[in-house]
2 protein chains.
Amino acid sequence: MEFKQQEGVTLAEVAKAAGVGESTVSRVLRNHGSFTTKTRDRVLAAVQHLGYVPNRIAGTLASAGSRLVAFVIPSLSNIVFTDVLRGASATLEDHGYQAVFAVTDYDPEKEEALVASMLAWRPTAVMLAGYEHADGTVKMLRAAKCRVVEVLDIDGVALDLAVGFSNHAAGRESANFMLQRGYRRIGYVGHDLNRDTRASKRFASFCETLGAGGAPLADRQIHPGPSSVENGRIGLEQLLARTPDVDAVYFSNDDMALGGYFHCLSHGIMVPDDLAILGYNGLDIGRATPQRLSTLLTPRVTIGQVAAQLVVDDAPSQVIDLGFELIEGETA
Amino acid sequence: MEFKQQEGVTLAEVAKAAGVGESTVSRVLRNHGSFTTKTRDRVLAAVQHLGYVPNRIAGTLASAGSRLVAFVIPSLSNIVFTDVLRGASATLEDHGYQAVFAVTDYDPEKEEALVASMLAWRPTAVMLAGYEHADGTVKMLRAAKCRVVEVLDIDGVALDLAVGFSNHAAGRESANFMLQRGYRRIGYVGHDLNRDTRASKRFASFCETLGAGGAPLADRQIHPGPSSVENGRIGLEQLLARTPDVDAVYFSNDDMALGGYFHCLSHGIMVPDDLAILGYNGLDIGRATPQRLSTLLTPRVTIGQVAAQLVVDDAPSQVIDLGFELIEGETA
DNA sequence: CTGAAAGCGCTAACAT
DNA sequence: ATGTTAGCGCTTTCAG
């Protein structure tokens with residue numbers, strides 16, 4: 001059945017076996033150009049017979065597009081990024097593109113190094129989170145002749161394509177919601193803001209809006225580590241120890257908020273009467289908790305889909321605001 | 001500063017600019033072979049000056065190894081797989097490898113198609129979840145001269161490398177734990193078992209062990225969809241409606257278990273006295289809930305790390321059992 | 001220590 | 001409709 005599969009069957013061998021020229025095999029395989037049904041069948045039979053698998057490395061070198069899309073993301077633990085990947089990968093696969101990824105750990109220098117090594121694969125596009133990049137990263141990206149998509153943030157100047165929503169607007173809307181609900185002693189529990197610049201944008205606008213509304217932030221508790229349920233629990237505990245009279249707390253995201261909610265559950269703190277809780281992200285789990293979590297739903301998967309579609313369509317440079325939706329749950 | 005960056009600077013141009021031969025540039029860049037410090041500096045200066053980014057597509061074609069590792073995973077929503085990716089990608093990046101991935105949606109046919117298109121990139125290795133693959137997939141993988149790593153399961157015959165733990169053993173240990181704790185009317189709440197073959201192995205062994213222990217499964221509720229907190233909540237609700245007298249429930253994973261736990265919280269069901277809950281996976285969130293979730297911790301990140309290391313080392317074929325750890329929480 | 005030249009496997013004109 | 005040929009940008013003998 002299979003003869004020399006060990007070292008890789010080449011197109012030339014298929015051509016020989018089918019008794020046609022190499023370009024004919026190439027045309028048939030890519031279904032491009034013209035050929036008779038007869039030759040097509042002979043080529044396909046030879047392919048089948050030899051177990052030929054086209055070599056896209058060679059194909060890419062000979063033509064132009066690599067059909068490789070590079071994702072340089074901060075983390076694989078944060079659902080935000082895996083959701084974007086998820087949305088994008090489906091669209092990409094449907095169009096014959098392959099997704100390559102690397103994780104920066106929220107480190108701009110690492111991002112720069114990873115972008116450099118991604119560029120070595122001559123990707124059709126590279127997708128990054130947000131706008132804050134090292135100078136070298138920007139320089140390389142500008143010089144490279146590939147598309148650049150910045151996702152999850154639109155508060156800034158895009159390099160090329162940007163798909164996301166305004167984190168400033170998200171912070172503002174969250175603050176307005178709290179204010180409307182009548183909370184006046186509002187606290188914040190968050191994770192490392194230096195690394196997560198999007199969370200820090202939300203926080204800044206949240207505070208500003210609160211101040212303008214006459215109820216400046218009562219207190220804040222920032223955990224130096226990454227966001228997690230456990231850190232949210234600890235964060236709220238510490239905040240309350242210092243400022244027991246807050247009537248509401250805004251968390252940097254739903255994981256943190258869930259931790260805060262659990263703290264309340266185990267300490268007999270009534271939510272939202274004793275303390276209101278507002279999260280961010282709109283995770284599924286927040287809809288299954290004893291009380292539905294109040295949060296801001298972000299269109300993460302859609303962002304990935306739209307970003308991928310723009311790349312596939314080779315759309316002109318643009319910024320797409322996909323917005324968000326405030327979910328009025330039962331915790332605030 | 002940069003002259004013809006638009007179309008990509010080539011190694012030949014660097015060579016010309018540095019006044020040396022192409023092979024010398026290649027040697028310097030890969031730090032392989034010999035050259036004087038003087039020529040090295042000149043080459044590096046030229047690289048810097050022109051903003052040269054090596055083309056790995058060409059490099060791969062000319063040499064052999066692609067330094068690409070392909071991941072063909074069932075889902076990006078299930079933390080199990082992203083954790084494996086996370087563990088693997090760090091190791092891979094450290095060794096100059098790039099991770100490529102594709103999502104099968106638990107569909108063996110899609111897996112086959114994706115493996116085929118991955119193979120076109122001539123990856124150093126391809127990583128798959130578990131042992132259940134379409135015949136075509138196995139055939140291609142055997143024919144391809146790349147390493148194959150099956151992760152997360154070791155209950156079967158490995159194609160090449162396998163890193164994981166025994167899901168049968170996990171089911172057995174979970175059942176024995178329930179039995180030891182004295183539960184006798186034990187139920188099961190799970191998600192689609194046809195798709196998740198590993199969950200189905202755990203369930204089978206769980207039932208078998210329970211039967212052998214004289215307390216056969218009291219009832220089961222299988223949700224046809226994917227695992228989620230919400231589906232776990234609904235699943236437990238339905239199970240209890242039909243069989244109210246169960247004293248413990250084993251869930252297909254922690255997401256489902258969390259849903260069950262939330263159901264208990266909101267319906268005044270005392271855990272574990274009225275109803276005990278046992279999950280599977282050992283998610284972080286289970287340590288922050290009002291009561292720590294009893295579960296089975298699986299070494300997902302480590303599996304990724306070990307798998308990547310084996311590939312990097314080009315280790316001989318072998319199966320590595322990384323085991324798991326039963327976490328005695330407060331819910332069972 | 002360094003350069004010249006022959007491919008790697010495929011695609012894309014260009015013929016025919 | 002199909003074959004021929006010249007590269008794509010790099011690595012790798014092989015000389016020198």
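Below, chain A is the first sequence line, B the second, and so on; all start at residue 1.
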Please give, in whole Å, the distance from dC8(C) P to Trp121(B) CH2?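 In whole Å, dC8(C) P and Trp121(B) CH2 are 20 Å from each other.
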Rounding to a whole Å, what distance do you find between Leu61(B):CG and dT11(D):P?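 Result: 11 Å.
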Does the Glu13(B) side chain pair with the main chain of Thr10(B), one donor and one acceptor, at a distance under 3.5 Å?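 A pair under 3.5 Å: yes.
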Are Phe165(B) and Ile320(B) close enough, and set up right, to give a side chain to side chain contact (heavy atoms under 4.5 Å, CB included), and what steps lead you there? CA-CA 8 Å; Phe165(B) 52 86; Ile320(B) 295 187; over 6 Å; no
From dG3(C), dC10(D), dC8(D), pick the nucleotide closest to the side chain of Leu11(B)? dC10(D)
What integer distance in Å separates His32(A):NE2 from dT11(C):P?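 His32(A) atom NE2 is separated from dT11(C) atom P by 11 Å.
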Expressed as a whole number of angstroms, how long is the span from Arg56(B):CZ to dT11(D):C1'?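 Nearest whole value for this atom pair: 14 Å.
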Please state how far atom CD1 in Ile57(A) lies from atom P in dT11(C), giving the value in whole angstrom units. 13 Å
Starting at atom CZ of Arg27(A), determine the distance to atom P of dG3(D), rounded to an integer number of angstrom. 8 Å
Flag yes if more than 12 heavy atoms outside Asp135(B) fall under 6.0 Å of its CG atom; otherwise flag no.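 Incorrect, the count does not exceed 12.
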Determine the contact category for Ser63(A): base if any of its heavy atoms lies under 4.0 Å from a base atom, sugar-phosphate if only primed atoms, P, OP1 or OP2 are that close, otherwise nothing.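 Sugar-phosphate contact only - Ser63(A) comes under 4.0 Å of backbone atoms but never of a base.
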Would you call the rings of Phe101(B) and Phe101(A) parallel, tilted or perpendicular, where under 30° means parallel and over 60° means perpendicular?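 It falls in the perpendicular class, over 60°.
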Between dC10(C), dA4(C), dC10(D), spot the one nearest the side chain of Ser23(B), thanks. dA4(C)
For Glu22(A) and dA6(D), give me the distance from atom CD to atom C1', rounded to whole Å.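 To the nearest whole Å, that distance equals 12 Å.
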Side chain of Ala58(B): nearest nucleotide among dC10(D), dA12(C), dT2(D)?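 Comparing dC10(D), dA12(C), dT2(D) against the side chain of Ala58(B), the answer is dC10(D).
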Can a side chain N or O of Ser34(A) be found less than 4.0 Å away from OP1 or OP2 on dA1(D)?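 Yes, within the criterion.
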Where the side chain of Ser26(A) is concerned, which of dT2(C), dT11(C), dT2(D) is the nearest nucleotide?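 Closest of the options to the side chain of Ser26(A): dT11(C).
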Less than 6.0 angstrom from the centroid, inside 45 degrees of the normal: does Arg27(A) satisfy that with respect to the ring of Phe35(A)? no
5'-most contact on DNA chain C (nearest-nucleotide basis), Ala62(B) vs Arg40(B), goes to Arg40(B)
Contact class for Gly19(A) vs. all strands (heavy atom < 4.0 Å): base, sugar-phosphate, or nothing?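 Touches sugar-phosphate only.
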Looking only at dT2(D), dC10(C), dC8(D), the nucleotide nearest the Thr39(A) side chain is dT2(D)
N or O in side chain of Thr36(A) less than 4.0 angstrom from dT2(D) OP1/OP2: yes
Shortest side-chain distance from Arg30(B), nucleotide among dT11(D), dT2(C), dC8(C):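 Among the listed nucleotides, the one closest to the side chain of Arg30(B) is dT11(D).
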For the pair made of NZ in Lys38(A) and C1' in dT2(D), what is the distance, rounded to whole Å?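 So the two atoms are 15 Å apart, to the nearest Å.
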